[in-house]
Amino acid sequence: DYSSRVYLYENDLSYSFNIPAFYDEGFRVYLITHCQITRAVKIQCKAGMTKYFHLDQTGSGDSLIQGSYKSEIRIQILCKI
């Protein structure tokens, strides 16, 4: 259950970090990519997905998700002035 969760450091976009809490059985995958548009503009993107094997819903309150998949997409634009 949630009281026996495990925290795990995860690579993230520039200038941010992510330490999610995991519980129950499942797996997590994520992909980070970037594209240098010009010398001054860079775009980074992170897409991640968590699959729980034995849960029909995850989260609580406003972050309640029906189903056993939880996914996220983050996009960051870096501009040098």
Side-chain angles (χ1 to χ4, degrees):
D1 65 354
Y2 193 72
S3 62
S4 63
R5 62 194 173 268
V6 174
Y7 293 95
L8 180 68
Y9 175 78
E10 185 174 286
N11 291 329
D12 212 335
L13 303 177
S14 295
Y15 310 110
S16 62
F17 65 94
N18 192 16
I19 303 176
F22 297 104
Y23 61 97
D24 206 349
E25 293 181 13
F27 65 90
R28 173 154 174 84
V29 295
Y30 63 94
L31 174 70
I32 299 175
T33 185
H34 70 276
C35 179
Q36 191 78 38
I37 304 298
T38 66
R39 287 177 42 177
V41 178
K42 180 179 183 178
I43 296 176
Q44 295 181 333
C45 181
K46 177 181 178 181
M49 191 258 320
T50 305
K51 164 71 170 137
Y52 290 103
F53 296 138
H54 305 293
L55 297 179
D56 294 330
Q57 63 185 15
T58 182
S60 63
D62 291 338
S63 64
L64 181 66
I65 298 172
Q66 297 295 330
S68 60
Y69 288 95
K70 182 178 178 182
S71 58
E72 65 178 289
I73 296 176
R74 296 183 198 184
I75 298 174
Q76 182 179 62
I77 300 173
L78 299 169
C79 299
K80 294 180 185 178
I81 297 176

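One is the number of the first residue; the rest follow in order along the sequence. Remember, it's a predicted structure, so these values are computed and weren't measured experimentally.
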- Message: So which atom in Tyr7 and which in Ala21 form the shortest heavy-atom distance, rounded to 0.1 Å?
- Response: CE2-CB, 3.6 Å

- Item | Nearest-0.5 Å distance that lies between atom CD1 in Ile75 and atom OG1 in Thr33 | 11.5 Å

- Between the main-chain N or O of Glu72 and the side-chain N or O of Tyr30, is there a donor-acceptor pair closer than 3.5 Å? no

- Note on the structure: One should read off an interatomic distance between Ile65 CD1 and Thr50 OG1, to the nearest 0.5 angstrom, of 9.0 Å

- Item | Shortest non-hydrogen contact between Ser68 and Leu55, atoms and distance | CB-O, 3.2 Å

- Message: Taking side chain to side chain contact (heavy atoms under 4.5 Å, CB included) as the criterion, tell me which of Lys42, Gln76, Lys46 meets it with His34.
- Response: Lys42

- Message: Between Arg28 and Leu8, is the side chain to side chain contact (heavy atoms under 4.5 Å, CB included) condition met? List the steps.
- Response: CA-CA 11 Å; Arg28 173 154 174 84; Leu8 180 68; over 6 Å; no

- Message: Taking atom OH as the centre, does Tyr15 end up with more than 12 heavy-atom neighbours from other residues, nucleotides or ligands that are less than 6.0 angstrom away?
- Response: no

- Message: Around atom CZ of Phe17, are there more than 12 heavy atoms from other residues, nucleotides or ligands closer than 6.0 Å?
- Response: no

- Approximate separation, where rounding is to 0.5 Å, of Gln44 CD and Leu13 CG: 5.5 Å

- Do Ile19 and Val6 share a hydrophobic cluster, counting only Ile, Leu, Val, Met, Phe, Trp and Tyr and linking them when any side-chain heavy atoms are less than 4.5 Å apart? no

- Message: Atom CD1 of residue position Ile73 - does it have more than 12 heavy atoms of other residues, nucleotides or ligands inside 6.0 Å?
- Response: no

- Under 6.0 Å from the six-membered ring centre of Tyr52 and within 45° of its axis: does the NZ or CZ of Lys70 meet both? no

- Message: Can you tell me how far apart CD (Gln36) and CG (Leu78) are? Round to the nearest 0.5 Å.
- Response: 9.0 Å

- Are any of the side-chain heavy atoms of Ile77 and Cys79 separated by less than 4.5 Å? yes

